[in-house]
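Reading through the structure tokens given below for one structure.
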There are 2 protein chains.
Amino acid sequence: MASHAQVSVTAVSKVLNNAYGVSPAMKNKVKTAIEELGYRPQAVARGMRGRTFTLGLVLPHIRNPFFADILDGLTAYLETTDYQAFMIQGGATRKVEQRAVDALLSRQVDGIIMVAPLASKARLEEVAKEKPVVVLARHERSPHYDSVFDDDEAGAELVVRHLIELGHRRIAHITHQDDSIARSADLLHSIRSAAYERVMREHGLEDEIAIATSFYHEQGGYDGARELLRRAPRPTAIFAGADQAALGALAAAHEAGLSVPADVSVAGYDNTHLAALPNISLTSIDQDGHEMGRAAGKLLLERIEGRRTPVRFTVTPTLVVRASTAAPR
Amino acid sequence: MASHAQVSVTAVSKVLNNAYGVSPAMKNKVKTAIEELGYRPQAVARGMRGRTFTLGLVLPHIRNPFFADILDGLTAYLETTDYQAFMIQGGATRKVEQRAVDALLSRQVDGIIMVAPLASKARLEEVAKEKPVVVLARHERSPHYDSVFDDDEAGAELVVRHLIELGHRRIAHITHQDDSIARSADLLHSIRSAAYERVMREHGLEDEIAIATSFYHEQGGYDGARELLRRAPRPTAIFAGADQAALGALAAAHEAGLSVPADVSVAGYDNTHLAALPNISLTSIDQDGHEMGRAAGKLLLERIEGRRTPVRFTVTPTLVVRASTAAPR
DNA sequence: TTGAAAGCGCTAACAC
DNA sequence: GTGTTAGCGCTTTCAA
């Protein structure tokens, strides 16, 4: 490359990093050569001295369409930068997640975004000691990494209040259980669940509290709802902590011969685009994943540029009422 | 690291690569030191001389749960190896896809798996000239890369025959249109679409052929089905080329006040786990994505190890009949 | 403003 | 069986 342009490798490097001390003429010469050769700098070699211009995005899995919104937001933001994000699946256990993070670290990514990680705060801080970290969907306050999350407390409250206002009293909840050892107050599903309990209590419905502990996926929602719908008296509404679970709850209701919302109302969380389909028409909470992904990218780059003070970015959830919830009969 | 173990860096390298010429004693010494230090070899530095032990998986997007099956199969296979796969979104245009591939190439991945790529065969071969490539879900025969796909011709035929055997004659189809400039005979959606037409003809139903060209996603299926259901006479069955589109078709049917399968039968392709939910219960084609991901990983590693002869791995699709299809009334 | 040269952490060729 | 050494393609001093 350098020889083709008849300049030094240093010059090429400087142009690539638009560093100080290159004449416009030199810059042009190099840029022309880059074009002509279709030259692509080896991120790997750059990484030996400095940055790889690579970010890691650790997703628990890729089955939740909400994650796609986050990814799209991140990608859109990075488009204007030299950085590229690679995704890796964190999986269902801390061990697998740790392996994914190690894989990223050993490949010298410049920073890591972790979505709803299972790792403890202490573990995340260890990672943050090596590379800049932004954590999505967890609420703890760490001096060593940034956080991006929606106000799950408020979101869950919106759903439960909505159901109560419709006249429901026997409102059940499906929550998620995972391998995490983080404080429950920092985990989104625990927060949603706790908010559900709190609002129920505040309305004198403590005796109606009914929680199925399952998983935030279709099968989990199905299992959870089956269990809840077998109880007597049967709940008249189910708040599933995530749309994916709500889809399973709708399936369970259908299978039990119950019609939604006439026999049982169902609400979710995340407002995935499936929720908007007319035959599903699921009441849900919207939390702008695109914006969250975008913010995560921005914060991570800031940290890579040297920021050390922690930032917390929150998104305000909004209730989207659809046909899956109505007054009980 | 080497100094801590009191051995040469060469020894460490040899142990890491379990290469020829290290005594068991040396091996132990090094392994102990690795443990003690929590040493993680820098893939980036290894990559300067040889391999990065990193594979790239280019997915069009992460909204199709079928891709998650592929990823799981690939991950399961790689677990027994030293390789790690990173995902990157290929997007909806050739340009964005090319950028993703370039990002992978400039990061020196050892090989690339492309799922349903938009690029031309010639372009894929150029990439394959730089790094080993395995292409999923395309049918062309290239001497320079391996292919993994299901027999879309057979799969589509299974669906259409099934509908015909139920007694349907006005069977419509929803197909996908993308930015690809590959030969249509190599694109899965074109193959499914062509097989639909062929089987219709073979049964003397050429006059009933009705195709909506849209997209393999929920909105696409919805739009396509709306268009088809407005036609007079209305089709009694819709074969959507993918489950994601079928979900949209179910929504459109619902919205039009049509009940499934009484008024209109709907079938999909991919047998995503959503299809199995009781309230959706979508007839679909299963094509073992897990096995496809696994095979792709295996073939790619073989190529990295030096294989030059192309391999084509095909999966046999099977029909899964559920409640969304029935005899017309 | 420019380029020569050192060195990032490894691997591979080679000498011991 | 073991260690020494020369790079891999960049970035970053540092002289010119």
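Lettering follows sequence order; numbering is per chain, from 1. What you see below is based on every heavy atom in this structure, not just the backbone, and it leaves out hydrogens, waters and symmetry mates. Every value quoted in this text rests on a predicted model; they were computed, and no experiment measured them.
Following rounding to the nearest Å, B:Q6 (CD) and D:dG3 (C1') show an atom-to-atom distance of 15 Å. With rounding to whole Å, A:N18 atom CG is found 16 Å from C:dT1 atom C1'. Distance CZ (B:R51) to P (C:dA12): 9 Å, rounded to an integer number of Å. B:K27 places its NZ atom 11 Å from the P atom of D:dG1, with the value rounded to the nearest Å. In this structure, CZ of A:R40 is placed 11 Å from P of D:dC10, rounded to the nearest angstrom. Between the P atom of D:dT12 and the CG atom of A:L16 lies a distance of 12 Å, rounded to the nearest Å. Remark: P of C:dC10 and CZ of A:R46 are 21 Å apart, rounded to the nearest angstrom. If you take CE of A:M48 and P of C:dC10, they are 7 Å apart, rounded to a whole angstrom.
Checking C:dG3, C:dG9, D:dC10 against the side-chain heavy atoms of A:Q42 singles out D:dC10 as nearest. Closest to the A:S13 side chain, of the nucleotides C:dG3, C:dC8, D:dT12, is D:dT12. Among the nucleotides D:dG3, D:dC10, C:dG3, the one closest to any side-chain atom of A:K14 is C:dG3. When the nucleotides C:dT2, C:dT11, C:dG3 are ranked by their closest atom to the side chain of A:S23, C:dT2 comes out on top. Comparing atom distances between the B:T10 side chain and each of C:dA12, C:dC10, D:dC10 picks out C:dA12 as nearest. Comparing C:dC10, D:dC10, D:dC8 by their nearest atom to the side chain of B:A45 picks out C:dC10.
The nearest heavy atom of DNA chain D to B:A11 and to B:R49 marks one nucleotide each, and the one closer to the 5' end goes with B:A11.
A:V22 comes within 4.0 angstrom of the backbone, heavy atoms only, and of no base.
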Please determine whether salt bridge (charged side-chain N to carboxylate O under 4.0 Å, His left out) holds for the pair A:R63 and B:D72, giving the CA-CA distance in whole Å, both sets of side-chain angles, and the decisive distance to 0.1 Å. CA-CA 11 Å; A:R63 299 203 125 90; B:D72 286 344; 3.0 Å; yes

Would B:K31 and B:E36 count as a salt bridge (charged side-chain N to carboxylate O under 4.0 Å, His left out) if you check the C-alpha gap in whole Å, the side-chain angles of each, and the deciding distance to 0.1 Å? CA-CA 9 Å; B:K31 287 208 163 173; B:E36 283 175 15; over 6 Å; no

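With no hydrogens or angles considered, a side-chain donor-acceptor pair links A:D110 and A:T52 at under 3.5 Å. Inspection of the A:Y145 and A:R303 side chains reveals no N or O donor paired with an N or O acceptor under 3.5 Å. Under 3.5 Å, the side chains of A:E291 and A:Y77 contain no donor-acceptor pair of N or O atoms.
Considering only side-chain N and O atoms, A:Y20 lies nowhere under 4.0 angstrom from the phosphate OP1 or OP2 of D:dT11.
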